[in-house]
Every structure is written in C-alpha cells, then in structure tokens.
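The structure appears below as structure tokens.
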2 protein chains.
Amino acid sequence: MKKGHQVTMKEIAKKLGVSVSTVSRALKDSPELHPETKRKIVEMANEMNYQPNLLAQSLRISRTKTLGVIVPEITSHFFASCISGIQDQANVRGYNIMICQSNENLELEIANIKTLVATQVDALLISLSRETNHYEHLFELYNREIPFVLFDRVQEDIPVSKITFNDVGGAYQVTKHLLEMGCKRVMYVSGPEDLYISKKRKEGYLKALKDFGIKEEKELIKVTDLTTEGNIKIAEEVLEMENKPDGVFCIFDPVAMDVMTLWKSKGVKIPEDIALAGFTNNPTSAVVEPALTTVSQPGYEMGKLAVSHLLDQLDGIASDDPISIVLETTLVPRKSTQTNL
Amino acid sequence: MKKGHQVTMKEIAKKLGVSVSTVSRALKDSPELHPETKRKIVEMANEMNYQPNLLAQSLRISRTKTLGVIVPEITSHFFASCISGIQDQANVRGYNIMICQSNENLELEIANIKTLVATQVDALLISLSRETNHYEHLFELYNREIPFVLFDRVQEDIPVSKITFNDVGGAYQVTKHLLEMGCKRVMYVSGPEDLYISKKRKEGYLKALKDFGIKEEKELIKVTDLTTEGNIKIAEEVLEMENKPDGVFCIFDPVAMDVMTLWKSKGVKIPEDIALAGFTNNPTSAVVEPALTTVSQPGYEMGKLAVSHLLDQLDGIASDDPISIVLETTLVPRKSTQTNL
DNA sequence: CTGTTAGCGCTTTCAT
DNA sequence: ATGAAAGCGCTAACAG
C-alpha cells in the first residue's frame, strides 16, 4: 500500500503562480501581505486540503515537540495512569508523546532510549526497569545534554530532576497502621535489595518499628524476587516459621495478592491469623476478599507533574538545577488489616 | 534548558577534510570507498558520538517508520494490552509508535488523528471512542490515502481492514453457559444501542436464546449508559422487577462489577439468587467475590495482529483490499455463575 | 508586498 | 574513490 501524496506548499505556489515563501507567509497569517493574495492562497490551501508537514518544520527548528516516555510496563495500571497523566499534560503544552516499554529489561531500556533520541524527541521521561543496575546510558544522556527526568523508578546519583513518592512515609504509614491494629510482630516483604524502592520502604518500616519501641528482627525481613513463584515461596516460608508474624507488609500489591492466594488456599484467616498489607493500590486490591489494605500512589498526578516540570525546564520557566519532587501517598485501610473489627 | 548540540555528518566531514557524501557513504558501509578513509570516518564518528538524525532521513524518504495509535483509554487494562502487543510487534518490524488517547471523546479523537497525520506517521491503528457517531474524519483519512486499520471499536462501513473479536460468538457462549447452568430467565444488560459491540453481543444473546427455544422478552433487555450511576440504576431496577431474571449477562465486566456491588449490599446472593456474568475478563473480575464469569479477549494478540496486517499491507506483502480479522474469545466460567455447585 | 536564497541533516545521482 | 549538487518541505533573512 502506498501512502497517498501530501499536498505541499510548492504545489500551491505553482498552481497560483506565486512563490513558496508567499504561500508560507499567507498560511501563517503574516501581516505584510496583500489581503487578496492571502485570501486566494488560504482558499486554495483549503481546497487542496493542505496539511503542514511537521517533520520539515521540526528539522528546521530542531525541535519536534515530542517527548519520549519509557516505562517498564504499559499494562501495569500504575504506569498506565502515569502515561495518561503525561499524555494529558503534554497535550496541554502542545507536545506529543512517544511511548516505549522496557519490559523490565535493561537492554531494551537502552535500545528504547537510543531510538527515541534518534527520532529527535525534545526530552525524555524515564522510569527505570528493575534490571537496571548500571547507569551509563543515563549518564550518556546527561553528557549529551538531552533533557530528561526520572519518575517513580529513579536512581539517586544522576543529576536530573526526579519525581517520586514518599516511599518512606508510605511504608511508615502502613507499618504504623499494622501496629496500631494490634500487630506485635510485623514482617516486611521486600523486593530485590538494590531496588531503590526496596530500600526506601524498608526505611519507613524500620522507622515505624522504632517509633513504637520495637526492635528490628532479621527474620522479619524477607526478600522476594517479585516473581509469582518467589512470592509464593515467601508465603510458604512464613507459615513454616515457628514464631510467625501477625502482620505482613508487602512491598507491592501483587506480592500481597500472591501471598493472600496461597494463605487462603491453606486455610489461613486474613486478618485474624495474619494481617496483610500491600503498596500501590491496584484496582484488584479493592475487590479481592478480604479487600487489601494498601497505600495509594497518584500515578496520574505524577505523570502530569513530571511533564510540567520537564517542560518548565525546557522553556526556561524553571531552573535547570535538578530538583526532587516528592508526592505524598495515602494509606487505604481495608479489611485485610481490620484485626479488631 | 537547552538541548545539547547533536553531532552532524557535516562536522565529521569538516574535521576530516572530506565531503559530507563521503561520510554518509562510510557510515552506511558503502563498498566503493577506500577502506582507510572509511576506517577513519567510522572511528571519528564513534569518537564524536555521532547519532544519525532520523528526522532528516524521514524527511528525505517521506517515511518515518512510526505508527500512530489511538485508543479510547490507556488505563483500561484491555487497551493497555493491545498497546503492548502493538508496541512489541511494531518494534519487531522496526517501527516506533506514537500513542494518543481519545478519552472516549470524538473531538479529541479527531484532533489526535490530525496531529498524528501532521507528524507524518506512516499509518494509523485506531480504536474508536464511544462518542464517535459520525465518521467523516475516517473517510477523510481514507480519501487522503493514509493507511489505517480499525481494531476492537470499529465502524463497519469504512473500507479498511478491521480486527475485531467474535462478539456474537462470545455473547452466545456466556448466554449458553447461563442457560446450561440452569437459568430460565436470562437478561442482557446492553450498552448504548448504537454501539457496535452492543448490537453484536445482543445478536449472540438472542441466538443462544433461540437455540434453547426461549422467546425474547423485551423486559429482559436493559440499556445502561455505562456510567457507574447508570449501571447501579439498572441493578436496582432488576431487584424491583416482579418477575426477576435468574441470570444476567452484562456487556462489560465493569458493568457487572457495579451490579454485583449493589446486589451484595442489598443481600442478594450471587449466583444462588441471580447468576451474573460479564465480558472482557478484566483483572479485577478474577479476584472479586464471587469471582466473575466472563469472556476473555486476547488484547495483546489483537494488537500484534493489527500491526502485522497493517505493515504487511504497507510493505505490499498483503493485498490492499480490506479484510476483516476476527479473533475468537474464550468463556471463563467462574463462581458467579456456578448455580449448581 | 513578494521573490530569491540559504539552510535544517541526510542521501543519491552525476561528475571527475 | 571521492566531491559537488540537488532535493525532501518548510521558514526567515535579505532584497527589491
């Protein structure tokens, strides 16, 4: 199939016996132009169904008005919300977005960045893959002075603006909630330990324990690889402990869901036997039985803010100095932790 | 913030005292070139960190290797799956994608198409918004010979390829399932009646009734506007009927979820009092209590196939004649219809 | 008020 | 084996 021919200014010019620049001027409503000429050109442009070629414009001004977005996974509800926010805010500011997913894969993340840069996006919004454990590709972006921001999955050492959630605070909230509901032994199920979020949430967890005068216990921190198998293994391990926890806070909702599934199948009562909480507030968490206590993160807002700040920097409205924007999370208490109700 | 300068061939050429065309040839490994010159150029390009400007190439060849995608909503799990499939398959074929969401809004759909066309995407993949009730913008695309396909939310009269699910078949499956589970009075909760999917699913519903020798009853077909309020209103109306249905098939899972929520709050037992089924197989449906019987639609596959076919047409591998690809759906029987278990 | 010219970055004849 | 020139579609500086 051949794409249909697009009308160009040149063709309009030829048809009307004027020069291309006159057509250009007419179409952008330049004042220094005979009204009659202008009228004729505009008319003809409409008639021929002329549409400007943004590609050509972009090449000229070296700006595409396009932002590149890289997320680990589009199908995750959280990232979909971010994208939605990015999209909406980008449109408000007259930008388009080009989206790539890394599938949590470092190689793909690098490849995506390369493609987006090659297509001349004006800037990038990146949320790192889980696999990303070295950062040369980001430093290269930085060195090549291609503006970008990191959101949600960030790396602290890169000198660009970052938009994150208050993970420490969120984890603190859930842990505190579990303790307030009467839990004495609260476990934290972490993701891989080099993950930024793993660390931050652990920090909040420990802080809450400390505030309640509870000593950290090694065996009350477990690490999952975040696969379903890994999560289930943890759930089983917990049941085999002689001194079981009475409350478990999982780093992500999906982890908690896997744990819940296994426990339910083993007849464990939630929250009576063990209270359970997650983090992210996925749609499924509201609907599962028992409904899962979690922490909600405004992904849409995060996306909007990321774009606003990035474009503010691009437009010189905001300073180029990297800043860190931290969004607050909200505890969503539900049945899975209502031990005393 | 100013975007950093990108190295161009011109600069490499100048530095080496050769012409731009030589650089171009070296970089695309042309054979008719002195090996030594080539080596030097390639080396210098690496050293200077040269990256080709795809924009310039695109302008030259009038092809961007970019596909435009328009979906009603990115945050819907189903469309996110489609996008994921589109993305992956596009990458396989060396294409990028540019995504826009219409937010179920006709004006935005039209605006999105315009932008994507202006940015010179090579082709479009479109899933229509719910509001879309006239189709000039699509016929215009057609007339301007911009290749596109429609997926999931299609319009039958437009002479382009369409990828859809067998909605008639899916609706037939659920209805049949309800009848087989012992339901005598099965209701169909439809969306707005001019919606393509509303019609198709009604067709399947009626076909199943007929095959079971059951006569269509006007009061057993209800229409919701698909808002939560609308859905709840229907749920209430059903409870007020003197001759209630004993099985209800809702056009989408979210509708069924709203209905379920209301009924549960009123003490209606599902499936004992009334069996309930949806369509789409959203993640939440698997997890709600009782788990919702539904029909699963392979969105990821749909996305992949849409891209494959579209690019086959673009590349002349497939004929330009529009075809209709129909994907089969699968019944997912769950607790909400297990009346006899 | 309008045309000519040059240039954005790249590729591809056409010369040499 | 390499360079010069033209052109993709558009705009802006420079001349009239």
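Treat the numbers as computed from the prediction; the structure is a model and nothing was measured. Below, chains carry the letters A, B, ... as their sequence lines are ordered, and counting in each starts from 1. Heavy-atom basis, side chains included; hydrogens, waters and symmetry copies ignored.
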Exercise for the section: Measure from the side-chain heavy atoms of A/R25 and tell me the nearest of D/dA13, D/dC8, C/dT11. Expected result: D/dA13

Completion exercise
Between CZ of A/R63 and C1' of D/dT11 the distance, given in whole Å, is 15 Å

Problem - B/Q120 CD to D/dG9 C1', straight-line distance once rounded to whole Å - result: 9 Å

Fill in the blank from the handout: Looking only at D/dT11, D/dC8, C/dT12, the nucleotide nearest the A/K10 side chain is D/dC8

Practice task
Tell me whether the OP1 or OP2 atom of D/dG3 has a side-chain N or O from B/T22 closer than 4.0 Å.
Solution key: yes

Handout entry: Earlier contact from the 5' end, DNA chain D, for B/S62 and B/G17
Key = B/G17

Fill in the blank from the handout: Considering only heavy side-chain atoms of A/H34, the closest of C/dT11, D/dG9, C/dC1 is C/dC1

Fill in the blank from the handout: B/V18 has its side chain closest, among C/dC10, C/dT11, D/dG3, to D/dG3

Practice task
Determine the interplanar angle of the A/H137 and A/H134 rings, folded into 0 to 90°, and report it as parallel if under 30°, tilted if 30 to 60°, perpendicular if over 60°.
Solution key: perpendicular

Practice task
Using atom NZ of B/K40 as one end and atom P of D/dA1 as the other, report the distance to the nearest whole Å.
Solution key: 15 Å

Problem - Protein-nucleotide distance (A/K28, atom NZ; D/dA13, atom P), rounded to Å - result: 11 Å

Practice task
Tell me yes or no: between the side chains of B/Q155 and B/T132, is some donor less than 3.5 Å from an acceptor?
Solution key: no

Fill in the blank from the handout: When rounded to whole Å, the CG to P distance for the pair B/L27 and D/dT2 reads 14 Å

Exercise for the section: Calculate, to the nearest 0.5 Å, the distance between atoms CD and NE2 belonging to B/Q89 and B/H309 respectively. Expected result: 13.0 Å

Handout entry: Check: A/S81 main-chain N/O paired with B/T75 side-chain donor or acceptor under 3.5 Å
Key = no

Exercise for the section: Determine whether any donor atom in the side chain of A/S21 lies under 3.5 Å from an acceptor atom in the base of C/dT4, or the reverse, and answer yes or no. Expected result: yes

Handout entry: Residue B/A56, side-chain atoms from C-beta onward, closest of C/dT12, C/dG9, D/dT11
Key = C/dG9

Handout entry: Any B/T37 side-chain nitrogen or oxygen under 4.0 Å from OP1 or OP2 of D/dT2
Key = yes

Problem - Between CG on residue B/L138 and CD1 on residue B/I110, distance to nearest 0.5 Å - result: 8.5 Å

Handout entry: d(CG, B/L33; C1', C/dT12) in whole Å
Key = 15 Å

Handout entry: Residue B/M9, side-chain heavy atoms: nucleotide from D/dG9, D/dT2, C/dT11 that is nearest
Key = C/dT11

Exercise for the section: Answer yes or no: side-chain N or O of A/R60 and base N or O of C/dG9 forming a donor-acceptor pair under 3.5 Å. Expected result: no

Exercise for the section: Select base, sugar-phosphate, or nothing to describe what B/Q57 touches, counting heavy atoms under 4.0 Å on all strands. Expected result: sugar-phosphate

Handout entry: Heavy-atom donor-acceptor pair, B/N96 side chain to B/T66 backbone, under 3.5 Å
Key = no

Handout entry: Interatomic distance, A/K38 NZ vs C/dC1 P [rounded to whole Å]
Key = 10 Å

Completion exercise
With the side chain defined as heavy atoms from C-beta on, B/Y50 is closest, among D/dT11, C/dT4, C/dC10, to C/dC10

Exercise for the section: Indicate, with a heavy-atom threshold strictly under 4.0 Å, whether B/S24 touches base, sugar-phosphate, or nothing. Expected result: base

Handout entry: Below 4.0 Å: OP1/OP2 of D/dG3 and any side-chain N or O of B/S19
Key = yes

Practice task
May I have the distance from A/L59 (atom CG) to C/dT11 (atom C1'), rounded to whole angstrom?
Solution key: 13 Å

